[in-house]
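Written below as C-alpha coordinates is the structure these notes are about.
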Amino acid sequence: MAPDGRTARLLLAICLAAVSVTEQASITSYDKENNILQTFREWLDRQREGNHVDDRSDPQSDYRHNGQKLSEQSMDDYWQGLALQDELNHEGEVFNGELFVESEWPEQKVELGQVGGVATNQRGDAVIFHRADREWEEDSFKDNVYTKKDSGPIMEPTVVTMNRSNGAILDTWGQNLFYLPHGLTIDSNDNYWVTDVALHQVFKFGKNKAVPELTLGKAFEPAINNDDMERLCKPTDVAVTKDGTIFVADGYCNSRIVKYSSDGKLLNVFGQDDMWVPHSLALVEELDLICAADRENKRILCYNAGLNNDELLGYPNRAYTDKDVMGRVFAITYSKTAPSDDLPGTGFTIDLHTKDSSKNDIIAVWSPTEEGFEMPHDLDVTPDGDNVYVGEIGPNKVWKFDKTE
Ligand SMILES: *[C@@H]1O[C@H](CO)[C@@H](O)[C@H](O)[C@H]1NC(C)=O
(Lines give C-alpha, C1' and ligand atoms only; values in the text may rest on other atoms or scores of the structure.)
Protein backbone atom coordinates (compact mmCIF):
# COMPACT_ATOMS: atom_id res chain seq x y z
CA MET A 1 0.00 0.00 0.00
CA ALA A 2 2.20 2.79 1.27
CA PRO A 3 5.32 3.28 -0.86
CA ASP A 4 7.58 2.91 2.13
CA GLY A 5 6.12 -0.51 2.71
CA ARG A 6 5.40 0.24 6.33
CA THR A 7 1.66 0.15 6.14
CA ALA A 8 0.07 -1.14 9.25
CA ARG A 9 -3.61 -1.45 10.12
CA LEU A 10 -4.20 -0.89 13.76
CA LEU A 11 -6.97 -0.27 16.19
CA LEU A 12 -5.93 1.66 19.25
CA ALA A 13 -8.23 1.13 22.21
CA ILE A 14 -8.36 2.41 25.77
CA CYS A 15 -9.98 0.33 28.46
CA LEU A 16 -10.52 0.40 32.19
CA ALA A 17 -9.39 -2.36 34.53
CA ALA A 18 -7.39 -4.29 32.06
CA VAL A 19 -4.52 -6.60 32.85
CA SER A 20 -1.47 -7.62 30.91
CA VAL A 21 -1.76 -9.26 27.57
CA THR A 22 -0.97 -12.86 28.11
CA GLU A 23 -3.99 -14.14 26.27
CA GLN A 24 -5.10 -13.62 22.77
CA ALA A 25 -8.13 -11.80 21.67
CA SER A 26 -10.32 -14.37 20.02
CA ILE A 27 -11.54 -13.99 16.52
CA THR A 28 -13.65 -16.54 14.77
CA SER A 29 -13.03 -17.15 11.14
CA TYR A 30 -16.00 -17.63 8.95
CA ASP A 31 -16.90 -21.09 7.85
CA LYS A 32 -17.75 -20.83 4.21
CA GLU A 33 -20.19 -23.73 4.48
CA ASN A 34 -22.34 -21.78 6.88
CA ASN A 35 -24.75 -19.04 6.19
CA ILE A 36 -23.61 -15.67 7.33
CA LEU A 37 -25.13 -14.76 10.64
CA GLN A 38 -26.91 -11.46 10.80
CA THR A 39 -26.05 -10.16 14.23
CA PHE A 40 -23.13 -10.45 16.57
CA ARG A 41 -25.48 -11.99 19.12
CA GLU A 42 -26.06 -14.86 16.76
CA TRP A 43 -22.47 -14.95 15.77
CA LEU A 44 -21.12 -14.95 19.31
CA ASP A 45 -23.77 -17.42 20.45
CA ARG A 46 -22.61 -19.75 17.78
CA GLN A 47 -19.04 -19.27 18.80
CA ARG A 48 -19.99 -20.20 22.37
CA GLU A 49 -22.35 -23.01 21.61
CA GLY A 50 -20.70 -24.77 18.77
CA ASN A 51 -22.99 -24.76 15.80
CA HIS A 52 -26.18 -23.72 17.48
CA VAL A 53 -27.86 -20.96 15.55
CA ASP A 54 -30.22 -18.71 17.41
CA ASP A 55 -32.98 -17.68 15.06
CA ARG A 56 -34.94 -15.37 17.33
CA SER A 57 -36.57 -12.76 15.19
CA ASP A 58 -34.95 -9.42 14.64
CA PRO A 59 -37.35 -6.49 15.13
CA GLN A 60 -35.14 -4.13 13.16
CA SER A 61 -34.46 -6.24 10.11
CA ASP A 62 -36.53 -3.92 7.95
CA TYR A 63 -34.07 -1.16 8.57
CA ARG A 64 -30.97 -3.19 8.17
CA HIS A 65 -31.80 -5.53 5.36
CA ASN A 66 -34.58 -5.84 2.92
CA GLY A 67 -34.82 -9.53 3.47
CA GLN A 68 -33.36 -12.29 5.52
CA LYS A 69 -31.20 -13.72 2.81
CA LEU A 70 -28.44 -12.04 0.90
CA SER A 71 -28.59 -12.01 -2.87
CA GLU A 72 -26.04 -14.07 -4.74
CA GLN A 73 -24.31 -10.90 -5.79
CA SER A 74 -23.98 -9.85 -2.18
CA MET A 75 -22.72 -13.25 -1.16
CA ASP A 76 -20.07 -12.95 -3.85
CA ASP A 77 -19.19 -9.45 -2.71
CA TYR A 78 -19.02 -10.67 0.85
CA TRP A 79 -16.51 -13.40 0.16
CA GLN A 80 -14.55 -11.20 -2.16
CA GLY A 81 -14.42 -8.59 0.57
CA LEU A 82 -12.95 -11.07 3.02
CA ALA A 83 -10.43 -12.24 0.44
CA LEU A 84 -9.45 -8.63 -0.17
CA GLN A 85 -9.03 -8.07 3.54
CA ASP A 86 -6.69 -11.05 3.70
CA GLU A 87 -4.68 -9.70 0.83
CA LEU A 88 -4.42 -6.19 2.28
CA ASN A 89 -3.71 -7.61 5.68
CA HIS A 90 -0.56 -9.31 4.59
CA GLU A 91 1.06 -6.22 3.17
CA GLY A 92 3.51 -4.17 5.12
CA GLU A 93 5.31 -4.76 8.29
CA VAL A 94 3.80 -5.18 11.73
CA PHE A 95 5.12 -2.83 14.37
CA ASN A 96 5.12 -3.69 18.05
CA GLY A 97 2.53 -1.04 18.84
CA GLU A 98 4.03 0.35 22.02
CA LEU A 99 3.57 4.02 22.87
CA PHE A 100 5.40 6.22 25.35
CA VAL A 101 3.98 9.19 27.17
CA GLU A 102 5.51 12.62 26.55
CA SER A 103 5.78 13.84 30.14
CA GLU A 104 6.66 17.41 29.21
CA TRP A 105 3.55 17.93 27.13
CA PRO A 106 1.83 20.27 27.54
CA GLU A 107 4.65 22.53 28.71
CA GLN A 108 2.16 24.78 30.44
CA LYS A 109 -0.92 23.48 32.24
CA VAL A 110 -4.12 23.91 30.30
CA GLU A 111 -7.29 24.22 32.38
CA LEU A 112 -9.91 21.80 31.11
CA GLY A 113 -13.22 20.54 32.38
CA GLN A 114 -14.30 16.92 31.93
CA VAL A 115 -12.77 15.81 28.67
CA GLY A 116 -15.44 14.27 26.48
CA GLY A 117 -13.80 14.07 23.08
CA VAL A 118 -10.28 14.07 21.71
CA ALA A 119 -9.36 14.43 18.06
CA THR A 120 -6.51 15.69 15.96
CA ASN A 121 -6.53 18.11 13.06
CA GLN A 122 -4.55 17.61 9.85
CA ARG A 123 -1.46 19.25 11.44
CA GLY A 124 -1.58 16.74 14.28
CA ASP A 125 -2.52 19.26 16.96
CA ALA A 126 -4.73 17.94 19.78
CA VAL A 127 -8.32 19.16 19.68
CA ILE A 128 -10.27 18.73 22.93
CA PHE A 129 -14.04 18.84 23.44
CA HIS A 130 -14.57 19.46 27.16
CA ARG A 131 -17.33 20.45 29.61
CA ALA A 132 -15.64 23.48 31.22
CA ASP A 133 -17.50 24.20 34.50
CA ARG A 134 -20.28 21.73 33.69
CA GLU A 135 -20.23 18.11 34.96
CA TRP A 136 -22.19 15.00 34.19
CA GLU A 137 -23.71 14.32 37.62
CA GLU A 138 -26.04 11.71 39.03
CA ASP A 139 -29.02 14.04 38.78
CA SER A 140 -28.19 15.38 35.32
CA PHE A 141 -30.90 13.22 33.75
CA LYS A 142 -34.36 12.02 34.63
CA ASP A 143 -35.78 9.41 32.27
CA ASN A 144 -33.04 10.41 29.88
CA VAL A 145 -34.24 14.01 29.83
CA TYR A 146 -31.60 16.57 30.82
CA THR A 147 -32.64 18.23 34.08
CA LYS A 148 -30.42 21.30 33.89
CA LYS A 149 -31.64 22.87 30.73
CA ASP A 150 -32.36 26.08 32.69
CA SER A 151 -28.64 26.54 33.37
CA GLY A 152 -28.32 27.40 29.69
CA PRO A 153 -25.45 26.34 27.46
CA ILE A 154 -21.86 26.32 28.71
CA MET A 155 -20.67 29.91 28.39
CA GLU A 156 -16.96 29.17 28.06
CA PRO A 157 -15.34 27.77 24.91
CA THR A 158 -15.67 23.98 24.87
CA VAL A 159 -13.35 23.23 21.95
CA VAL A 160 -9.64 23.80 22.54
CA THR A 161 -6.83 23.25 20.06
CA MET A 162 -3.44 22.48 21.62
CA ASN A 163 -0.18 22.84 19.70
CA ARG A 164 1.27 19.47 18.86
CA SER A 165 4.81 20.40 19.84
CA ASN A 166 4.29 22.21 23.15
CA GLY A 167 0.61 21.97 24.05
CA ALA A 168 0.05 25.73 23.94
CA ILE A 169 -3.52 26.77 23.20
CA LEU A 170 -3.84 27.72 19.56
CA ASP A 171 -7.54 28.28 19.26
CA THR A 172 -10.80 28.00 21.19
CA TRP A 173 -14.46 28.05 20.18
CA GLY A 174 -17.75 26.43 21.09
CA GLN A 175 -19.09 28.82 23.71
CA ASN A 176 -22.88 29.20 24.20
CA LEU A 177 -23.67 26.12 22.12
CA PHE A 178 -23.40 22.97 24.22
CA TYR A 179 -24.79 21.53 27.46
CA LEU A 180 -22.89 18.26 27.93
CA PRO A 181 -20.14 17.73 25.36
CA HIS A 182 -19.30 14.12 24.55
CA GLY A 183 -17.75 13.02 21.25
CA LEU A 184 -15.56 14.89 18.79
CA THR A 185 -14.53 13.75 15.32
CA ILE A 186 -12.65 15.75 12.71
CA ASP A 187 -13.26 14.30 9.25
CA SER A 188 -10.84 14.23 6.33
CA ASN A 189 -12.42 17.42 4.93
CA ASP A 190 -11.74 19.29 8.16
CA ASN A 191 -15.35 19.34 9.31
CA TYR A 192 -15.88 19.08 13.07
CA TRP A 193 -18.54 16.63 14.32
CA VAL A 194 -19.62 16.78 17.93
CA THR A 195 -22.20 14.99 20.06
CA ASP A 196 -23.99 16.53 23.04
CA VAL A 197 -25.63 13.99 25.37
CA ALA A 198 -27.90 16.58 27.04
CA LEU A 199 -29.20 17.89 23.73
CA HIS A 200 -29.36 14.35 22.25
CA GLN A 201 -27.93 15.82 19.09
CA VAL A 202 -25.06 15.57 16.64
CA PHE A 203 -23.68 18.69 14.99
CA LYS A 204 -21.45 19.25 12.01
CA PHE A 205 -19.39 22.44 11.86
CA GLY A 206 -17.56 23.60 8.75
CA LYS A 207 -15.59 26.82 8.52
CA ASN A 208 -18.15 28.75 10.52
CA LYS A 209 -17.81 27.53 14.07
CA ALA A 210 -20.78 29.49 15.38
CA VAL A 211 -23.54 27.87 13.33
CA PRO A 212 -23.77 24.14 12.58
CA GLU A 213 -24.05 23.08 8.94
CA LEU A 214 -26.01 19.99 9.89
CA THR A 215 -27.90 18.88 12.98
CA LEU A 216 -29.18 15.36 13.73
CA GLY A 217 -31.70 14.61 16.45
CA LYS A 218 -34.10 16.92 18.30
CA ALA A 219 -32.89 19.26 21.01
CA PHE A 220 -33.48 17.86 24.55
CA GLU A 221 -35.74 15.09 23.19
CA PRO A 222 -34.43 11.57 23.82
CA ALA A 223 -35.40 8.84 21.39
CA ILE A 224 -37.94 6.71 23.18
CA ASN A 225 -36.60 3.39 21.89
CA ASN A 226 -34.64 1.75 19.08
CA ASP A 227 -37.56 2.27 16.68
CA ASP A 228 -37.57 6.02 17.13
CA MET A 229 -35.61 7.24 14.11
CA GLU A 230 -36.56 10.91 14.50
CA ARG A 231 -34.54 11.33 17.64
CA LEU A 232 -31.30 10.17 19.19
CA CYS A 233 -30.60 9.40 22.85
CA LYS A 234 -27.28 10.52 24.38
CA PRO A 235 -25.31 9.89 21.18
CA THR A 236 -21.66 9.20 21.89
CA ASP A 237 -19.58 9.42 18.72
CA VAL A 238 -19.56 10.01 14.97
CA ALA A 239 -17.54 8.53 12.10
CA VAL A 240 -17.57 10.03 8.61
CA THR A 241 -16.32 8.60 5.31
CA LYS A 242 -14.27 10.59 2.81
CA ASP A 243 -17.38 11.21 0.74
CA GLY A 244 -19.40 12.32 3.75
CA THR A 245 -21.46 9.28 4.75
CA ILE A 246 -22.21 9.53 8.48
CA PHE A 247 -22.27 6.88 11.20
CA VAL A 248 -23.58 7.82 14.66
CA ALA A 249 -23.14 5.69 17.78
CA ASP A 250 -26.43 6.08 19.65
CA GLY A 251 -25.58 5.73 22.47
CA TYR A 252 -26.19 5.48 26.20
CA CYS A 253 -29.89 4.58 26.05
CA ASN A 254 -30.26 2.88 22.71
CA SER A 255 -27.51 0.66 21.46
CA ARG A 256 -27.48 1.13 17.76
CA ILE A 257 -25.43 2.60 14.99
CA VAL A 258 -27.36 4.90 12.66
CA LYS A 259 -26.12 5.56 9.15
CA TYR A 260 -27.00 8.78 7.33
CA SER A 261 -26.19 10.20 3.92
CA SER A 262 -23.91 13.22 3.78
CA ASP A 263 -26.94 15.55 3.84
CA GLY A 264 -28.32 13.89 6.96
CA LYS A 265 -30.91 11.58 5.42
CA LEU A 266 -31.50 8.38 7.40
CA LEU A 267 -30.14 5.40 5.52
CA ASN A 268 -30.10 2.53 7.95
CA VAL A 269 -29.68 1.30 11.50
CA PHE A 270 -27.88 -1.75 12.84
CA GLY A 271 -26.20 -3.27 15.89
CA GLN A 272 -29.18 -2.85 18.22
CA ASP A 273 -29.26 -6.53 19.14
CA ASP A 274 -25.61 -6.69 19.94
CA MET A 275 -24.37 -3.78 21.97
CA TRP A 276 -24.62 -2.28 25.45
CA VAL A 277 -23.51 1.33 25.13
CA PRO A 278 -21.60 1.78 21.88
CA HIS A 279 -19.23 4.45 23.16
CA SER A 280 -16.85 5.06 20.29
CA LEU A 281 -16.57 4.35 16.56
CA ALA A 282 -13.64 3.64 14.27
CA LEU A 283 -14.17 3.58 10.53
CA VAL A 284 -11.81 1.51 8.36
CA GLU A 285 -12.78 2.57 4.88
CA GLU A 286 -10.35 0.46 2.88
CA LEU A 287 -11.57 -2.69 4.64
CA ASP A 288 -15.21 -1.53 4.53
CA LEU A 289 -15.51 -1.87 8.31
CA ILE A 290 -17.16 0.18 11.03
CA CYS A 291 -15.91 -0.85 14.48
CA ALA A 292 -17.63 0.04 17.76
CA ALA A 293 -16.40 0.05 21.35
CA ASP A 294 -19.23 -1.98 22.91
CA ARG A 295 -18.36 -0.50 26.28
CA GLU A 296 -20.42 -2.38 28.89
CA ASN A 297 -19.91 -5.69 27.09
CA LYS A 298 -16.16 -5.07 27.22
CA ARG A 299 -15.54 -5.76 23.59
CA ILE A 300 -14.98 -4.29 20.19
CA LEU A 301 -17.30 -5.30 17.36
CA CYS A 302 -16.54 -4.62 13.72
CA TYR A 303 -19.38 -4.59 11.20
CA ASN A 304 -19.38 -4.40 7.47
CA ALA A 305 -19.92 -0.71 6.74
CA GLY A 306 -21.84 -1.35 3.50
CA LEU A 307 -19.75 1.17 1.59
CA ASN A 308 -19.13 -1.16 -1.35
CA ASN A 309 -22.39 -3.10 -1.16
CA ASP A 310 -25.22 -1.63 0.86
CA GLU A 311 -26.83 -5.02 1.36
CA LEU A 312 -23.90 -6.09 3.47
CA LEU A 313 -24.26 -3.23 5.94
CA GLY A 314 -24.31 -4.37 9.54
CA TYR A 315 -23.03 -7.88 8.99
CA PRO A 316 -20.59 -9.10 11.64
CA ASN A 317 -17.02 -9.13 10.45
CA ARG A 318 -14.80 -9.53 13.48
CA ALA A 319 -14.91 -9.19 17.26
CA TYR A 320 -12.38 -8.59 20.01
CA THR A 321 -13.97 -10.08 23.09
CA ASP A 322 -11.41 -11.18 25.62
CA LYS A 323 -12.86 -10.09 28.98
CA ASP A 324 -9.77 -11.28 30.85
CA VAL A 325 -7.73 -8.76 28.97
CA MET A 326 -10.02 -5.91 28.10
CA GLY A 327 -12.08 -4.01 30.62
CA ARG A 328 -14.84 -1.65 29.57
CA VAL A 329 -13.71 -0.24 26.28
CA PHE A 330 -14.17 3.51 26.22
CA ALA A 331 -12.61 4.53 22.97
CA ILE A 332 -11.12 3.14 19.81
CA THR A 333 -9.45 4.72 16.86
CA TYR A 334 -7.94 3.39 13.71
CA SER A 335 -4.62 4.15 12.14
CA LYS A 336 -3.42 2.99 8.79
CA THR A 337 -0.21 4.92 8.97
CA ALA A 338 0.65 3.91 12.47
CA PRO A 339 3.86 4.59 14.37
CA SER A 340 6.09 2.15 12.62
CA ASP A 341 9.50 1.97 14.31
CA ASP A 342 10.14 0.43 17.67
CA LEU A 343 7.41 1.78 19.15
CA PRO A 344 4.07 0.38 27.57
CA GLY A 345 -1.52 -0.72 31.14
CA THR A 346 -4.60 0.00 29.56
CA GLY A 347 -4.09 1.37 26.16
CA PHE A 348 -4.18 -1.37 23.55
CA THR A 349 -2.87 -1.68 20.10
CA ILE A 350 -4.69 -4.30 18.11
CA ASP A 351 -3.42 -5.61 14.83
CA LEU A 352 -6.03 -5.77 12.10
CA HIS A 353 -3.54 -7.67 9.97
CA THR A 354 -4.89 -10.92 11.19
CA LYS A 355 -8.26 -12.45 11.69
CA ASP A 356 -6.58 -15.75 12.30
CA SER A 357 -7.27 -16.79 15.89
CA SER A 358 -3.89 -18.47 16.16
CA LYS A 359 -2.22 -15.07 15.99
CA ASN A 360 -1.91 -12.61 18.82
CA ASP A 361 -4.04 -9.63 17.84
CA ILE A 362 -3.33 -7.36 20.78
CA ILE A 363 0.23 -6.47 20.02
CA ALA A 364 0.93 -3.92 22.76
CA VAL A 365 -0.38 -2.50 26.01
CA TRP A 366 0.62 1.00 27.06
CA SER A 367 -0.21 3.62 29.68
CA PRO A 368 1.11 6.96 30.95
CA THR A 369 2.36 5.67 34.34
CA GLU A 370 2.69 2.33 36.07
CA GLU A 371 -0.69 2.98 37.67
CA GLY A 372 -2.23 3.28 34.24
CA PHE A 373 -5.00 5.67 33.33
CA GLU A 374 -7.50 6.88 35.90
CA MET A 375 -10.55 7.45 33.74
CA PRO A 376 -9.66 7.53 30.07
CA HIS A 377 -12.50 8.66 27.83
CA ASP A 378 -11.34 9.23 24.29
CA LEU A 379 -8.29 9.04 22.07
CA ASP A 380 -7.11 9.83 18.59
CA VAL A 381 -4.02 9.32 16.49
CA THR A 382 -2.41 12.04 14.39
CA PRO A 383 -2.80 11.74 10.61
CA ASP A 384 0.88 10.81 10.20
CA GLY A 385 0.52 8.14 12.89
CA ASP A 386 3.37 9.50 15.01
CA ASN A 387 1.38 10.61 18.06
CA VAL A 388 -1.64 9.52 20.07
CA TYR A 389 -3.68 11.76 22.37
CA VAL A 390 -5.79 10.37 25.25
CA GLY A 391 -8.30 12.48 27.20
CA GLU A 392 -9.25 11.69 30.81
CA ILE A 393 -12.15 12.63 33.07
CA GLY A 394 -11.22 13.21 36.75
CA PRO A 395 -8.49 14.29 36.81
CA ASN A 396 -9.32 16.13 33.64
CA LYS A 397 -6.33 16.06 31.38
CA VAL A 398 -4.87 15.13 28.04
CA TRP A 399 -1.90 12.82 27.52
CA LYS A 400 0.31 12.84 24.48
CA PHE A 401 2.07 9.64 23.42
CA ASP A 402 4.99 9.18 21.11
CA LYS A 403 6.38 6.22 19.24
CA THR A 404 9.78 6.60 20.89
CA GLU A 405 10.82 6.87 24.54
C1 LIG B 1 3.56 25.30 17.75
O2 LIG B 1 4.68 25.62 18.54
C3 LIG B 1 5.91 25.60 17.80
C4 LIG B 1 7.06 25.77 18.80
O5 LIG B 1 6.89 26.96 19.54
C6 LIG B 1 5.87 26.65 16.72
O7 LIG B 1 7.08 26.60 15.97
C8 LIG B 1 4.68 26.37 15.80
O9 LIG B 1 4.58 27.39 14.83
C10 LIG B 1 3.41 26.30 16.60
N11 LIG B 1 2.33 25.85 15.71
C12 LIG B 1 1.35 26.66 15.33
C13 LIG B 1 0.35 26.08 14.42
O14 LIG B 1 1.25 27.83 15.71
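When a ligand or atom number is given, it counts from 1 through the structure's own listing order. Hydrogens, waters and symmetry mates are skipped; everything else that's a heavy atom, side chains included, is used.
Applying the side-chain contact (heavy atoms from CB on, under 4.5 Å) test between Y303 and each of D288, N317, L289, I257 identifies I257 as the sole match. When each of V248, V258, I246 is tested with V202 by the rule side-chain contact (heavy atoms from CB on, under 4.5 Å), just one qualifies, namely V248.
When heavy-atom distances to ligand 1 are checked against 4.0 Å, the residues falling inside are R123, N163, S165, N166, L170, ordered by chain and number.
Ring geometry, Y192 versus W173: the interplanar angle exceeds 60°, so the pair is classed perpendicular (tilted spans 30 to 60°).
A salt bridge is absent between K397 and E392; no separation between the charged side-chain nitrogens and carboxylate oxygens falls under 4.0 Å.
For the atom pair H200 NE2 and L232 CG, the distance stands at 9.5 Å (nearest 0.5 Å).
Sorted by first and then second residue, the disulfide (SG to SG under 2.5 Å) pairs involving residues 134-224 (not counting sequence neighbours) form an empty list.
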